[in-house]
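Once you've had a glance at the structure underneath, I'll fire off some questions.
For the numbers below, each heavy atom of this structure counts, side chains included, while hydrogens, waters and symmetry mates do not.
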Amino acid sequence: MKINKNYLNLQPSYLFSTIAKKVAEYKEKNPQANIIRLGIGDVTLPLAKTVVAALKNASEEMGHAETFKGYGEEQGYEFLRTAIQKHYEKKNVSLDTDEIFISDGAKSDLGNILDIFDKDNTVLIPDPVYPVYVDTNIMAGRTIKFMNANMQNSFLPMPEEGMTADIIYLCSPNNPTGAVYTKEQLKTWVDFALKQNAVILFDSAYEAFITDEKLPTSIYQIDGAKKCAIEFCSFSKTAGFTGTRCGYTVVPKTLVFEDTQLNKFWLRRQTTKFNGVPYIIQRGAEAVFSDEGWKEIKENIQYYLDNAKIITDAMKKANINYVGGENSPYIWLECPNGMKSWEFFEFLLEKANVVGTPGAGFGENGEGFFRLTAFGNRENIIEAVDRILKCLK
């Protein structure tokens, strides 16, 4: 028996596990500290009332023989896939329901999708980046190339002369930087992928935070994208499902490589390795797209965006460079006074009792930067900002 030695190439600990450990150690030494966490991107508002009602009704159904559900439909229940299909229609994107696959979250599918690709494919990933993109490819032993995201390109890297790739990761609105691609920029990426005969793995987990109507909320709003892109989305941040778990992946049937539909490959993979999302959860997810449900969801999202504005106003007041905070729940700021990312982490933890995420944990280009999230309650956001401004003085 031999182990998969690619795991030895990973960092010893997942970024957020390391942060949790450091905070726990500090709390043990300082038990009276009132720590405010603006690090991990977990939501704080409760589920929308319409969603909760749907979850309750579905739970009740499971207690009666005539409405009980066992194994569900392989790609997800038709009622949820139809609701998602109609959601895309509002974006002027036409999809067949069998191009939509229900999952337990975007993070799972972003890693699992790699099953359908050869290990010899070269992967192009932005830096800084959501760690899952990198780690899952290291686990598989793929060759990874990084494209530089920095202040000069507003943390939105574009194709460059001589750049090549088979698999391209894009995330918009971006995690961790909060930057958002325009339609013109995404069109450049789509054209590049088509020319390279490459596939784009497009993470749109934060699309519901885009309020600027000129910005795309799906890569399929770009001509040609259905021939080169797979889109991943999640109810986690859209509807507060971080503890409920549901997402979806779109694999167009026009996505054909080596005379093979990737849609068929993904269906085969999912039916073999995944038994689906619980019926109760899918009913809750369906309610997200109801008129009343969507109204409640947008109110929650606006609450987080208002939190983000409180943070960005503070950054302006402190003369700190940043991106994000508009059309995104993340604020990506430049550490003051040339501080390193982990140095600033320790500074805020000790001086302000505020936890953020060191940019270095997202890649080499993240060094010297720091991520704050707007996923807190208003009182904590205001208090955290006040503490940060005081200690920065």
Side-chain angles (χ1 to χ4, degrees), residues 42-43 46-89 94-117 132 136 201 203-205 208 230-253 255 260-294 296-297 300:
D42 196 3
V43 295
L47 295 173
K49 292 180 180 179
T50 302
V51 170
V52 173
L55 292 171
K56 288 180 177 178
N57 290 338
S59 298
E60 185 64 30
E61 287 182 60
M62 297 298 279
H64 302 277
E66 60 272 20
T67 51
F68 173 78
K69 298 289 189 299
Y71 287 123
E73 297 171 31
E74 293 175 335
Q75 284 183 248
Y77 285 99
E78 183 74 23
F79 62 77
L80 179 52
R81 288 185 286 124
T82 298
I84 294 169
Q85 180 189 48
K86 291 179 179 178
H87 178 63
Y88 272 91
E89 286 177 358
S94 176
L95 296 174
D96 294 335
T97 56
D98 60 356
E99 294 178 311
I100 301 166
F101 297 78
I102 308 303
S103 73
D104 59 357
K107 181 177 181 178
S108 299
D109 278 5
L110 281 161
N112 293 332
I113 197 73
L114 297 173
D115 282 4
I116 69 174
F117 301 119
V132 171
T136 50
L201 303 184
D203 185 351
S204 64
I230 297 173
E231 184 160 283
F232 304 82
C233 203
S234 170
F235 291 93
S236 288
K237 306 311 187 321
T238 297
F241 274 47
T242 52
T244 316
R245 308 309 305 152
C246 193
Y248 53 92
T249 295
V250 179
V251 187
K253 286 177 283 189
L255 203 58
T260 303
Q261 281 188 345
L262 294 189
N263 181 285
K264 291 182 178 179
F265 267 30
W266 184 236
L267 176 63
R268 187 67 174 86
R269 189 271 172 202
Q270 290 297 80
T271 53
T272 301
K273 291 189 175 184
F274 183 60
N275 253 2
V277 176
Y279 169 75
I280 295 169
I281 302 301
Q282 292 195 52
R283 278 299 186 191
E286 177 194 27
V288 168
F289 297 114
S290 66
D291 290 342
E292 188 60 29
W294 193 247
E296 293 167 355
I297 296 302
N300 286 355

_Between Y77 and E286, a side-chain donor and acceptor under 3.5 Å_ = no
*asked:* Test side-chain contact (heavy atoms from CB on, under 4.5 Å) on F235 and I281; report intermediate values, then the result.
replied: CA-CA 11 Å; F235 291 93; I281 302 301; over 6 Å; no
_I want to check something: taking the side chain as every heavy atom from C-beta on, are C246 and L80 in contact at a cut-off of under 4.5 Å?_
yes
*When rounded to the nearest 0.5 angstrom, what is the spacing between OG1 in T242 and NZ in K237?*
7.0 Å
*Can you tell me how far CG of D98 sits from NZ of K264, rounded to the nearest 0.5 angstrom?*
11.0 Å
*Kindly give the heavy-atom pair with the smallest separation between P252 and E99, and that separation in Å.*
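Taking P252 first and E99 second, the nearest heavy atoms are CA-OE2, 3.3 Å.
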_Interatomic distance, T249 atom OG1 to I230 atom CD1 [nearest 0.5 angstrom]_ = 8.0 Å
*Salt-bridge test for R81 and E78: reply yes if a basic N is under 4.0 Å from a carboxylate O, no otherwise.*
yes
*Could you tell me whether the side chain of Q85 reaches within less than 4.5 Å of the side chain of S94, counting heavy atoms only?*
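No; the side chains remain at least 4.5 Å from each other.
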*Under 3.5 Å, side chain of T136 to main-chain N/O of G111, donor-acceptor pair present?*
no
*Do R283 and F79 meet the cation-pi criteria used here (NZ or CZ under 6.0 Å from the six-membered ring centre, within 45° of the axis)?*
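R283 over F79 ring: yes.
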_Testing the basics here: between L55 and G284, what is the closest heavy-atom pair and its distance to 0.1 Å?_
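So the two residues come closest at CD2-CA, 3.8 Å.
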*Going from NE2 on H87 to CD1 on I100, what distance comes out if it is rounded to the nearest 0.5 angstrom?*
10.0 Å
*Under the 3.5 angstrom rule, does the side chain of E74 hit a backbone N or O of L267 as a donor-acceptor pair?*
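No: the side chain of E74 does not pair with the backbone of L267.
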*Strictly by modelled atom types, are E296 and T50 linked by a side-chain donor-acceptor pair under 3.5 Å?*
yes
_Could you go through D109 and Y248, starting from their C-alpha distance and side-chain angles, then the distance that decides it, and tell me whether this counts as side-chain contact (heavy atoms from CB on, under 4.5 Å)?_
CA-CA 8 Å; D109 278 5; Y248 53 92; over 6 Å; no
_Closest non-hydrogen atom pair, L262 against V251_ = C-CG1, 3.8 Å
_How about NZ on K253, more than 12 heavy atoms from neighbouring residues, nucleotides or ligands closer than 6.0 Å, or not?_
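Yes.
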*Between atom CG of L95 and atom NZ of K86, what is the distance when rounded to the nearest 0.5 Å?*
14.0 Å
*Would you mind reporting whether I84 and I102 have side-chain heavy atoms less than 4.5 Å apart?*
yes
*Inter-residue atom distance I297.CD1 - T238.OG1, 0.5 Å rounding*: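 Nearest 0.5 Å value for the CD1-OG1 distance: 8.0 Å.
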*Is there a ring-ring contact (aromatic ring centres under 6.0 Å, His included) between Y88 and F289 once you walk through the steps?*
CA-CA 11 Å; Y88 272 91; F289 297 114; 8.9 Å; no
*Verify the ring-centre separation between F265 and F117: is it less than 6.0 angstrom?*
no
*Do you know the tightest heavy-atom contact between A106 and S234?*
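Heavy-atom minimum between the residues: CB-CB, 3.9 Å.
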*Taking all atoms of both residues into account, what is the closest heavy-atom pair of A239 and V288, and its distance?*
CB-CG2, 3.6 Å
*Let me see the working for W266 and N112 under side-chain contact (heavy atoms from CB on, under 4.5 Å), right down to the final yes or no.*
CA-CA 9 Å; W266 184 236; N112 293 332; 3.9 Å; yes
*Kindly say whether V277 contributes a backbone atom to a donor-acceptor pair with the side chain of Q282 at under 3.5 angstrom?*
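Yes; at least one donor-acceptor contact below 3.5 Å.
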*Could you tell me whether the side chain of S290 and the main chain of A287 form a donor-acceptor pair under 3.5 Å?*
yes
*asked:* For R245 versus G105, what's the shortest heavy-atom pair and its separation?
replied: NH2-CA, 3.6 Å
